[in-house]
Structures are given as C-alpha cells and as structure tokens.
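I have placed the structure first, in the form of structure tokens, so that the comments after it can refer back to it.
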Amino acid sequence: MFPSRARLVTGTVLALTATLGLSACGGSKSGESSAAESCVDTSGDTVKLGFLNSTSGAMAISEQTVRDSLALAAEEINASGGILGKQIEPVVEDGASDPATFAEKIEKLLTGDCVAAVFGGWTSASRKAMLPVVEADNGLLFYPVQYEGLEASKNIYYTGATTNQQIIPAMDFLKSQGVKTLFLAGSDYVFPRTANKIIKQYAADLGIEIVGEEYVPLDDDDWTTQVAKIVAAKPDFVFNTINGSSNVGFIKAYYEQGLSPAVSPIISVSIAEEEAPAMGKDVTGQYAAWNYFQSVDSPANATFIKAFQDKYGKKRPTSDPMEAAYTSLYLYKSLVEKADSFDVDKINAAADGVSFDAPEGTVTIDGENHHIAKTGLIGRINADNQFDVVWSSDGPIEPDPFLKGYDWWDPSKE
C-alpha cells in the first residue's frame with residue numbers, strides 16, 4: 001500500500017534527519033520499540049495537536065493564512081464539544097521556511113510535546129524533511145498543500161491536491177484553449193522540478209511544445225534574466241510553479257518587461273486569493289489552478305467565509321491551502337471518532353471512506369494512499385483579486401499520486 005521510506009526521501013534529507021536526535025519522550029527510539037511507544041496522553045480533558053507553519057522567512061506570505069485557518073477550525077471544534085469530548089490544545093511552532101527546522105520542530109512536537117497529530121508544512125522540501133521523522137515516531141502529519149505527487153506514507157494525510165487533481169487539469173485546460181507553446185518558470189526545489197518533469201511528458205502527449213524552462217532559488221526575488229528569456233520565446237502561456245515571496249519578483253519582472261495576459265498569460269499553482277493582492281502589480285486576467293476558490297458558491301463555503309472573516313476581518317480572503325488545512329482538522333476529528341481512538345494504527349485502519357462536507361465540496365479519504373478526492377478548478381483573476389471559475393472537472397477527481405492511470409508517464413525519463 002505504502003512505498004518504503006527509501007523510495008520517498010532523498011539521501012540528503014535522510015542524512016539531515018539522522019542528525020536531529022530521535023530520542024522519545026520517556027524512552028529510546030532505537031530498535032523494535034520505536035514505532036510502538038507513544039507519549040501521547042489523552043487521559044484528561046484535552047488533546048494536544050501541533051500546528052507547524054512558517055510564520056517567518058520566504059514562505060510566511062503563504063503559511064500564515066494556513067495557521068489562521070487551523071486556529072479557526074480548532075475553535076469551532078472546541079465550541080461544538082471537541083474530539084471524543086476532549087478540547088483541542090494547540091501547540092504552535094514556526095517552521096521558519098527552512099526544511100531542517102521543520103524536521104527539528106516536528107520531532108519536538110511528537111516526542112517532547114507529545115501531540116497526537118501535527119498539521120502543517122508547505123514546500124515539498126519541508127514535507128520530505130518531516131517524513132522520516134513522523135514515520136520513525138509513528139506519528140501523524142496532515143499536509144495541506146498541493147504537491148508533485150509520487151509519494152504516499154501511512155503517517156501522512158495529504159489534503160491538498162496531488163498532480164492528477166491540479167497539474168493535469170491545468171494542462172487539459174491549456175489544451176482546450178488551443179495552447180501550442182508553453183514556458184515553465186519555477187522555484188529551484190523539489191515541487192517545481194518534479195511537477196515540470198510531469199508537465200513536459202504530458203505536454204508531449206498533448207502536442208504542446210515547451211519553449212523554455214527556468215528556475216530561481218526559493219528565497220531569490222530577481223527574475224530579470226529569466227523573464228527576458230520568456231519575452232524572447234513568446235510562449236502562448238507561462239506555467240508558474242514558483243512558491244512564496246519569489247512570486248513578487250517574478251510578477252514585477254514580467255510586467256516591467258512588457259508581458260501581460262494579452263501576450264503570454266500565466267497559469268499558477270501557488271498564487272491564490274491571499275497572494276494575488278500582494279504581488280505589487282495588477283494581476284487581473286491571469287489564471288490559477290486549484291481545488292477551491294473563495295468564489296465557490298455553496299452554503300458550506302458561505303459559512304466558512306463568514307466565520308473566517310468574522311474572526312480575522314472582512315478584508316481577509318480565503319484560499320485553497322487554508323481551506324485544505326481547515327478541512328484537515330475536521331477530517332482528523334472524523335477519523336478519530338470513527339476509530340473511537342487517538343491511536344495512529346487504529347485511525348489508519350478506519351481511514352478509508354471518511355468524508356467531510358468541506359467548503360470546496362464533499363471530500364473523501366482514500367485509505368490506500370491517504371489522499372482525498374478533490375474537484376479540479378481553473379480560475380481567472382478579476383479586478384477584485386478574486387477568481388472567476390472558467391473550468392471545472394466533472395465532480396471530484398480520485399487521487400492518483402503515482403500516475404498509474406496515465407500511460408504517457410514514465411518516471412525513469414527526464
């Protein structure tokens with residue numbers, strides 16, 4: 001069901017996490033007892049849950065909103081009686097936009113603070129740094145952000161989109177718009193590199209030519225040279241897999257060098273309602289692929305938006321990653337209550353088919369890979385920095401993180 005850790009984590013991350021000191025709360029983490037022992041205490045009226053998000057560094061522009069939505073969900077759940085009658089006691093940590101810090105902090109949360117589960121992470125580098133730690137401690141991590149797929153762990157629940165729920169729908173949309181040429185712009189780390197490998201293979205199958213591919217480090221805002229190459233290539237569309245504040249530099253260079261939605265529009269997978277007004281330029285007319293927009297018209301979403309804005313202010317927008325984080329806490333509540341236990345193994349045994357009527361629509365956990373079924377959406381940014389939905393999948397898309405259902409995919413090819 002789940003691949004071995006060795007298939008999922010690079011040697012660099014394994015070396016990193018091996019140095020972090022995996023001593024358990026009240027016992028050694030070596031030998032056969034490593035996954036069997038737990039210091040989680042639910043004998044009282046509370047249950048500790050870890051919220052691990054970057055509130056400093058390059059990713060704070062995106063992750064603070066995730067922290068806020070987790071706090072909202074915890075308040076709501078506590079007000080309705082908690083989880084199995086126990087009030088959530090959040091233990092919050094800052095991942096500081098640094099994978100090593102995420103690894104250190106999740107170890108602290110699981111074995112020092114003895115939380116029953118951790119909610120957080122954004123970049124794939126942060127997730128991959130946490131993965132061997134949460135597996136070694138037999139903990140649970142709920143990861144709320146779209147990612148490149150090709151991973152599954154019994155200790156992680158992925159409530160953001162996998163590739164066939166975001167990247168592939170985006171490519172299908174571009175094909176439907178008659179796109180012939182595409183330029184790839186990404187941050188230089190795991191997600192963009194892997195996503196673009198998938199994009200290139202699917203583009204070849206669709207008959208779309210990739211006319212350029214450029215990367216800039218995650219903490220670098222200077223896109224001048226790379227955008228000049230986009231200007232020269234004159235692509236029909238730019239596929240943007242940039243993350244965090246680096247998007248600001250990219251958008252700045254894009255408009256300053258004469259590009260626009262009328263010339264070479266952008267489709268992004270990391271710019272949402274929270275980021276759009278922070279770009280420093282009018283991004284009206286640009287596109288994004290997500291599974292939730294604030295503009296989704298449903299009673300559940302209207303309730304969610306009102307609750308969020310009542311707590312944080314009427315000007316605060318909602319967005320996909322924060323909705324996925326909000327949903328993750330409710331899914332955890334449903335998992336625990338179905339299992340009638342906070343025990344990780346019992347939760348996993350009960351996972352298949354657990355669902356929640358989320359703001360994005362009903363989502364359901366796949367017990368085989370711990371991803372959830374999600375509807376694919378393409379939105380176009382309007383003058384209010386909201387997204388008008390211009391394309392939607394025909395209902396929720398079942399997760400296929402390893403792309404087993406796509407005959408054009410060959411993981412051995414670059």
Side-chain angles (χ1 to χ4, degrees), residues 61-62 64-66 68-69 145-146 160-161 165-167 169-179 182 185 230 235-245 247-256 258-310 312-324 326 358-361 374-393:
I61 187 176
S62 297
Q64 180 60 56
T65 189
V66 170
D68 293 342
S69 65
V145 187
Q146 48 79 19
Q165 298 168 317
Q166 185 191 35
I167 297 290
M171 292 296 291
D172 289 337
F173 169 74
L174 295 178
K175 180 66 176 179
S176 74
Q177 298 300 298
V179 169
L182 190 62
I230 299 176
D236 292 338
F237 251 85
V238 179
F239 205 120
N240 170 18
T241 53
I242 302 164
N243 250 315
S245 60
N247 269 301
V248 177
F250 170 69
I251 294 295
K252 178 176 182 288
Y254 171 94
Y255 282 100
E256 287 181 349
L259 294 174
S260 71
V263 178
S264 294
I266 301 167
I267 188 164
S268 301
V269 291
S270 290
I271 293 179
E273 290 89 343
E274 188 81 9
E275 291 84 6
M279 290 298 103
K281 298 286 184 179
D282 180 3
V283 289
T284 301
Q286 306 290 9
Y287 295 83
W290 289 106
N291 306 94
Y292 167 86
F293 292 113
Q294 182 172 314
S295 57
V296 168
D297 185 12
S298 72
N301 190 36
T303 300
F304 170 60
I305 294 167
K306 182 179 186 305
F308 185 82
Q309 294 184 341
D310 283 350
Y312 296 110
K314 298 300 182 184
K315 293 184 178 181
R316 283 288 302 274
T318 57
S319 64
D320 184 293
M322 58 167 291
E323 186 271 347
Y326 175 88
E360 68 184 84
K374 298 173 76 70
T375 300
L377 300 173
I378 308 295
R380 191 167 187 246
I381 304 175
N382 61 35
D384 297 321
N385 287 312
Q386 289 291 315
F387 289 80
D388 298 321
V389 176
V390 296
W391 182 93
S392 174
S393 64

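Qualifying ring pair (Phe, Tyr, Trp, His ring centres under 6.0 Å) partners for Y255, counting only residues two or more places apart in sequence or in other chains: none. With sequence neighbours excluded, the residues forming a side chain to side chain donor-acceptor pair (under 3.5 Å) with K306 are D310, listed by chain and number. For A358, the side chain to side chain contact (heavy atoms under 4.5 Å, CB included) test picks out E323, T327, F356, E360, V363, with sequence neighbours left out. With sequence neighbours left out, the side chain to side chain contact (heavy atoms under 4.5 Å, CB included) criterion links D282 to T284. Take D172 and apply the side chain to side chain donor-acceptor pair (under 3.5 Å) test, not counting sequence neighbours, and it matches Y202.
Using a 4.5 Å heavy-atom threshold, the side chains of D388 and F293 count as separate. Between I266 and L259, every side-chain heavy-atom pair lies at or beyond the 4.5 Å cut-off. Using a 4.5 Å heavy-atom threshold, the side chains of E275 and N247 count as separate. Side-chain contact check for S270 versus I242: every heavy-atom pair is 4.5 Å or farther apart. In this structure, R316 and E274 have side chains that are in contact, with non-hydrogen atoms separated by less than 4.5 Å. The side-chain heavy atoms of N291 and Q165, taken from C-beta on, include a pair separated by under 4.5 Å.
Put simply, the side chain of Q386 never gets that close to the backbone of E273: no donor and acceptor are under 3.5 Å apart. With S69 contributing its side chain and V66 its backbone, the two residues share a donor-acceptor pair below 3.5 Å. With W290 contributing its side chain and I271 its backbone, the two residues share a donor-acceptor pair below 3.5 Å.
Partner S268 forms a side-chain hydrogen bond (donor to acceptor under 3.5 Å, both in side chains) with one of N243, T241, N240 and no other, that one being N240.
Side-chain atoms of Y287 and Q177 include no donor-acceptor pair closer than 3.5 Å.
Here the shortest heavy-atom pairing between A289 and Q166 reads O-NE2, 2.6 Å. Residue P235 comes nearest to I230 through the heavy atom pair CD-O, 3.3 Å, listed as atom of the first residue, atom of the second, then distance. Across every non-hydrogen atom of V145 and P321, the tightest pair is CG2-CB, 4.5 Å. Of all non-hydrogen atoms in S264 and V238, the two that sit nearest each other are O-CG2, 4.1 Å. Here the shortest heavy-atom pairing between Y254 and P265 reads OH-CA, 3.9 Å.
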Mind running side-chain contact (heavy atoms from CB on, under 4.5 Å) on T65 and Y312 for me, showing each step along the way? CA-CA 10 Å; T65 189; Y312 296 110; over 6 Å; no
How far apart are the C-alpha atoms of E256 and K281, what are their side-chain angles, what is the distance that settles it, and do they pass the side-chain contact (heavy atoms from CB on, under 4.5 Å) test? CA-CA 10 Å; E256 287 181 349; K281 298 286 184 179; 4.2 Å; yes
Kindly determine whether F173 and V179 satisfy side-chain contact (heavy atoms from CB on, under 4.5 Å), including the steps that lead there. CA-CA 9 Å; F173 169 74; V179 169; over 6 Å; no
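Taken to the nearest 0.5 Å, the CD1 atom of I267 stands 9.0 Å off from the CG atom of L182. Here the straight-line distance linking atom CG of D68 with atom CZ of F308 works out to 5.0 Å at 0.5 Å rounding. Distance check: I381 CD1 to M279 CE gives 9.0 Å after rounding to the nearest 0.5 Å. Distance check, rounded to the nearest 0.5 Å: CD1 of I378 to OG of S392 gives 9.5 Å.
Ring planes of F304 and Y326: tilted class, angle from 30 to 60°.
Counting non-hydrogen atoms of other residues, nucleotides and ligands closer than 6.0 Å to NZ of K315 gives a total of 12 or fewer.
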What donor-acceptor contacts under 3.5 angstrom involve side-chain atoms of residues 294-303, with partners at least two apart or in another chain?
{"residue": "Q294", "atom": "OE1", "partner": "T318", "partner atom": "N", "Å": "2.7"}
{"residue": "Q294", "atom": "OE1", "partner": "T318", "partner atom": "OG1", "Å": "3.3"}
{"residue": "S295", "atom": "OG", "partner": "F387", "partner atom": "O", "Å": "2.6"}
{"residue": "S298", "atom": "OG", "partner": "N301", "partner atom": "N", "Å": "3.1"}
{"residue": "N301", "atom": "OD1", "partner": "Y292", "partner atom": "OH", "Å": "2.6"}
{"residue": "N301", "atom": "ND2", "partner": "Q294", "partner atom": "O", "Å": "3.0"}
{"residue": "N301", "atom": "ND2", "partner": "V296", "partner atom": "O", "Å": "2.7"}
{"residue": "T303", "atom": "OG1", "partner": "P299", "partner atom": "O", "Å": "3.0"}

